[in-house]
Amino acid sequence: MLQYELKKIFLKPVNKIILLLLLVATVAGSFLAIRDVKYYRKNQPPLSGTSAAKYLREEQNKWKGPVTEDVIKHIIKEKKKINSSNEPEDAKFAMSQGFHDITSLISVAFSEPGEYDYYLCDSISPEKASKLYERRISRLKKEITKIEEGLEGSFSKSEKEFLLNQYNNFKTPLYYEYAEGWKALLDSQYLPTLMIITIVIIAFFVSGIFSDEFRTKADSIFFSSMLGRNKAILVKIKAGFLTVTVIYWLTMLLFSAIILGMLGIGGAGCMVQINFSNWACMYNITYLQDWILSMFGGYVGNLFILTLSMLVSAKSRSSVIAITIPFFLSCVPMFLGRVPALKNIVTLFPDMLLRINKFLGDFIFFEIGGKAFGIFTILIPAYLLLFFITLPILYYSYKKQ
Amino acid sequence: MELKVTNLTKKYGSFTAVNSLDITMNNGVYGLLGINGAGKTTFMRILCTLMRPTCGQITCNGQEIFSMDGQYRRILGYLPQDFGFYPDFTLQDYLLYVASIKALRPAIAKKRVKELIEKTGLEKAVHKKMKKLSGGMKRRAGIAQAMLNNPKILVLDEPTAGLDPNERIRFRNLISELSEDRLVLLSTHIVPDVEYIANEILLMKDGMFIKQGTTEQLIATMEENVWKCHVDKNKVPWLMKNHRISNLKTDSNGVQLRIISKEKPVPDAVIEEAVLEDVFLYYFGEKDGMENAAI
């Protein structure tokens, strides 16, 4: 029975075209992400993509290993040496690409709260720079205070406690190696965009599973058959679950495989904080853990939103209305979030799960019983639970048709 | 097999689609005859558990059909008036899918599908997509799906609607062939369809059974005679206004009429033997000029 339910979905000519579009979007998205990797050369145009990755890997892996105080001192000395040369600015930058991630961290850590002095590491002493980790915590503490001063009540006591606890638990020294593949995959806008495209496309597949019986007027035969009000409905749910699971994971794995395959899988064990855009991130996780979290969170978001779409399809008998649900839930909250009054509420919307990698560095909390948690620690299990709750509602709604 | 309908009523707001139906049906072919909107489809949909009645009940061998749930639907075959299917499925896939939701094991389903494809003469269409089948083929596919589980109760709602005469005759014969050892309820407003194959005919009007019996019994219930006469064209409007005209045929000398009337409509009219079509007209037909003329 399941194979025929799946055939109903995948035999539709429009779905075949849409599937092809998703494939094109995935491949195009991965190549755009790869293209964003740049390697700057002396007196020559910069390289991008895999050729850039090749040189960056070579340069960055010279600094592979724990970023200890000695390594930081060494980097600062190296940086000063480059700066003292007579090379033009562009060339100086090109020469320091191997440790640019570390110098960026030093710059952000030693800048004043709320500011970022890009050239700070040019003037800092090696000894001072070597205190990077202590400075990180004190700088972040100051940052929290500054945010609090600027915006009254920005952090509750428990949120502050949680943040400081996370910063104190951050294991040092950082491990560093070439991680451009993971950065292109997780620190770019392409992954959340692809997740939104994927969910909207999967909606075309699953939105008709229940309503098409009515659209094609096959409902009378379906419901008057022996299993039409029990097992056949379960099989429809199963077909929906399989469609979401297979398309989502194939898309995400293909996207990841192309990027990591072209740029390399090195750096999986690096903490996400190695990239200065994540330097204040309260989640102490590696790039591999970030990938697992983003992918699994996205999957939970897909499961919940698309099951909701199926429920609407079963209730309304219309796939048109059902298709709008994923679009509404994945796109509209982004705009609603710009309304100050809705800013906090939208952080609880399921679209957050499609953008975990982008929100990882943001201070978004959820408080339960006076204890603060990072929002994703709560959203993932909460929406997984809601997904499981939606399933029997879907079953009984359709059974009663 | 006994299907007992007791005080069955279905209301939609103030409109009563099915009104206090009472009938007991056993194996055999029952023809449900009535004009459009008589409540035939509503009655059949309740019989197929697709909608619940407002009041009353249906029992199958003493058990209420809604509480029997899947066990009742296991012995049910249904061909709805609006036969819907999955357009991108081949005929074979379609039948195998329906077999699966009828809980047939795959091996049995394959065998049964093959048998029914042969029986319905659809061998050449087996790999054709459902949307590519002709109207007659679709109807035959419809009867094939209804027969997949070898049902004890077969409900066919307007199965011959929209078919050409050849297909209709073929379809009628097929139903006759399949009606052995089961209860077949066949609804139609095409009189010859039930005249040839039904053992018992139920006349339905305004949600009620107004008469039931064999063709002969129904003819006997007519309190008017069937007359045959030949008249001038100018007399036809007057006759149509005052009598039910069963048939009208124009020739070079005037018009030949078949009239249902208690009295002799014209002096040279002669009595004819009534047929089921006359009964249909007698109960459902309106005289020309009357409001809501149904046919």
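- In terms of heavy-atom pairs under 4.5 Å with chain A, the best-connected choice from B/Tyr78, B/Phe83, B/Tyr72 is B/Tyr78.
- With A/Asn357 contributing its side chain and A/Leu186 its backbone, the two residues share a donor-acceptor pair below 3.5 Å.
- In this structure, A/Ser313 contributes its side chain and A/Ser211 its backbone to a donor-acceptor pair below 3.5 Å.
- By number of non-hydrogen pairs under 4.5 angstrom with chain A, the leading residue of B/Gly77, B/Gly142, B/Ala99, B/Pro80 is B/Pro80.
- Under the 4.5 Å side-chain criterion, counting only non-hydrogen atoms from C-beta, B/Lys152 is not in contact with B/Leu183.
- The most heavy-atom pairs under 4.5 Å with chain B, out of A/Asp212, A/Leu11, A/Ile221, come from A/Ile221.
- Contacts of B/Leu148 with chain A are absent, with no heavy-atom separation under 4.5 Å from either backbone or side chain.
- For B/Gln81 and B/Thr41, the side-chain atoms include at least one donor-acceptor pair closer than 3.5 Å.
- Options B/Tyr97, B/Tyr94, B/Phe89 differ in how many heavy-atom pairs under 4.5 Å they form with chain A, and the most are formed by B/Tyr97.
- Ring centroid separation for the pair B/Tyr86 and A/Tyr4 does not come in under the 6.0 Å cut-off.
- Chain A forms more heavy-atom pairs under 4.5 Å with one residue of B/Leu76, B/Leu79, B/Asp93 than with any other, namely B/Asp93.
- Side chains of B/Ser187 and B/Asp157: a donor-acceptor N/O pair is present below 3.5 angstrom, by distance only.
- With no hydrogens or angles considered, a side-chain donor-acceptor pair links B/Arg45 and A/Ser220 at under 3.5 Å.
- Closest non-hydrogen pair, B/Met147 versus B/Arg112, comes out as O-NH2, 2.8 Å.
- Residue contact with chain A, scored on non-hydrogen atoms closer than 4.5 Å, is absent for B/Arg52.
- Residue contact with chain B, scored on non-hydrogen atoms closer than 4.5 Å, involves the backbone and the side chain of A/Lys7 alike.
- Using a 4.5 Å cut-off between heavy atoms, B/Pro106 does not touch chain A at all.
- Looking at B/Asn149, there are no atoms closer than 4.5 Å to chain A (heavy atoms on both sides), in backbone or side chain.
- Heavy atoms closer than 4.5 Å to chain A are found in the backbone of B/Phe85, but not in its side chain.
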